[in-house]
Colleague: 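Dropping the structure in here first, questions after.
Along the sequence shown, residues are numbered consecutively beginning with 1. Everything quoted here is computed from the prediction, not taken from an experiment. Each ligand, and each atom within it, is numbered from 1 in the order the structure gives.
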Amino acid sequence: KKPLRVSVIGGGNWGTTIAKVVSESALEYPTLFDINVRWWVHEEDIVYKGENHPAKISYILNNFHENVKYLPGVRLPDNLHATGNMLEAIEDCDILVFNVPHQFLGSIIDTHITPILKEKSQQLGREASFRGDLVARHCIAISCLKGFHINLEDPKNLQIQLLSDFIDNKLNIPTGSLSGANLASEVAKENFSETTISFPPRYVTDKDHVSVKCNSIAHPHDPKILKTLFHRPYFHVRVIDDVAGVSVAGALKNIVALACGFVKGLGWGDNAAAAIQRIGLQEITKFGIKYFPASKMETYYVESAGVADLITTCNGGRNVKVGKRYAEMFLEGNRDINIGDLEKEVLNGQSAQGIITSEEVNQWLQFKNETNEFPLFSCVYKCLFEKADLTEIPSMLDTE
Ligand code: 13P
């Protein structure tokens, strides 16, 4: 059997970290995985330490093995090959990992994948399909993205979609998700952490694949393969089958972390932060069970993607940093803070996914006429986008 080819899309902080993780596993299991892991990064010109001239980020990654912009100080494996060319990055791959800020997902597919498929269609004289004509026919995808897709096509019938389903719908590829208590910089330093991977069970018995399904470990649909690819001595993986629960928890905890940042910036201490996290967990679970009824309660309460990720993100993530700075500026008397500008200033080009997720969730709850059912999510939205008074947070949460 040919070893499975792994490709990663995304070279930000978390994308780089996950690319490092899977490259280490590819080196360790050369009979299972092709040793060369291909990696699509958004090309930009940057200056490497001590150099005089800017160079393409892919050149820097391949020659200096360090992502100086998004993950400085971490040596990347030599078997990880960066490119700005999508065809080079994903052609014939068996496992495709998506790890980009979620607001760019649609445009990355439209700008970098759709044109390749169009060209293939012309060559073939029929409509090319993503699986089979571009990536391997049995290829699977794993989404490490955090957020939702709100389908606005029919405003009277708004739909909220998991990003794994969005990928599956756009590219017709079975897509699972990976999420957990994983601050990228700590995983990159190889400090111990856990993560949760979920894969839709229906694909394991997909009729197209039934003959090869699970007969051998070297088939990408075998959950054991996912564990082998992502599990490291410092990064422990549990594979479950609740894609919805893992994705919902991963997305919503970022909103809660913004609120935690607010109370930290206001100087309200640990009790306030704990209260925010408790209410947050309650709303995450309620939202998940209500709008994604396939998700399981235990994922929210027991898995790394659930409560553990909530705790870590509320302690030290990017969302909490932005929320904290927002509140500090508010206390300094600044009542006209543009959250997008603040995000750029605090995170140096990275993004805090809770901001856009807060807008998506609010849009959905407005549509369902249920904002009152989720006081914390609504409070974060009001603070960020409607200039609500942050000192009113306790009364906004006092709804019982
Ligand atoms: P950030 O707040 O740094 O984006 O971290 C979120 C996260 O997913 C941690 O597990």
Colleague: Is it true that Phe262 and Trp268 have ring centroids separated by less than 6.0 Å?
Modeller: no
Colleague: Under a 4.0 Å threshold between the charged nitrogen and the carboxylate oxygen, would Arg325 count as salt-bridged to Glu332?
Modeller: yes
Colleague: Are any of the N or O atoms of Lys146 closer than 3.5 Å to those of ligand 1?
Modeller: yes
Colleague: Under 4.0 Å between a side-chain nitrogen and a carboxylate oxygen: does that hold for Glu303 and Lys296?
Modeller: no
Colleague: So, is Gly317 polar-close to ligand 1, with some N/O to N/O distance under 3.5 Å?
Modeller: no
Colleague: Non-hydrogen atoms of Gln350 versus ligand 1: any pair closer than 4.0 Å?
Modeller: no
Colleague: I need the contact type for Asn319 against ligand 1. Using non-hydrogen atoms and a strict under-4.0 Å cut-off, is it side chain, backbone, both or neither?
Modeller: both
Colleague: Measure Val320 to ligand 1 on non-hydrogen atoms and call it side chain, backbone, both or neither using the 4.0 Å cut-off.
Modeller: neither
Colleague: Relative to the heavy atoms of Gly180, which atoms of ligand 1 are at a distance of less than 4.0 Å?
Modeller: 10 (O)
Colleague: Shared ILVMFWY cluster between Val47 and Val68, side chains joined below 4.5 angstrom?
Modeller: no
Colleague: Looking at Glu88 and Arg38, does any basic side-chain N land under 4.0 Å from a carboxylate oxygen?
Modeller: no
Colleague: Could you check atom 8 (O) of ligand 1 against the protein and tell me its nearest heavy-atom contact, residue, atom and distance included?
Modeller: Lys253 NZ, 2.9 Å
Colleague: Is the gap between the ring centers of Phe104 and His42 under 6.0 Å?
Modeller: no
Colleague: If we set the cut-off at 4.0 Å for heavy atoms, which region of Gln353 has an atom near ligand 1: side chain, backbone, both, or neither?
Modeller: neither
Colleague: Any atoms of ligand 1 less than 4.0 Å from a non-hydrogen atom of Asp309? List them with their elements.
Modeller: 7 (C), 8 (O), 9 (C), 10 (O)
Colleague: Strictly under 4.0 Å, does any heavy atom of Ala352 approach an atom of ligand 1?
Modeller: no
Colleague: So, do Phe192 and Tyr234 have ring centers that fall under 6.0 Å from each other?
Modeller: no
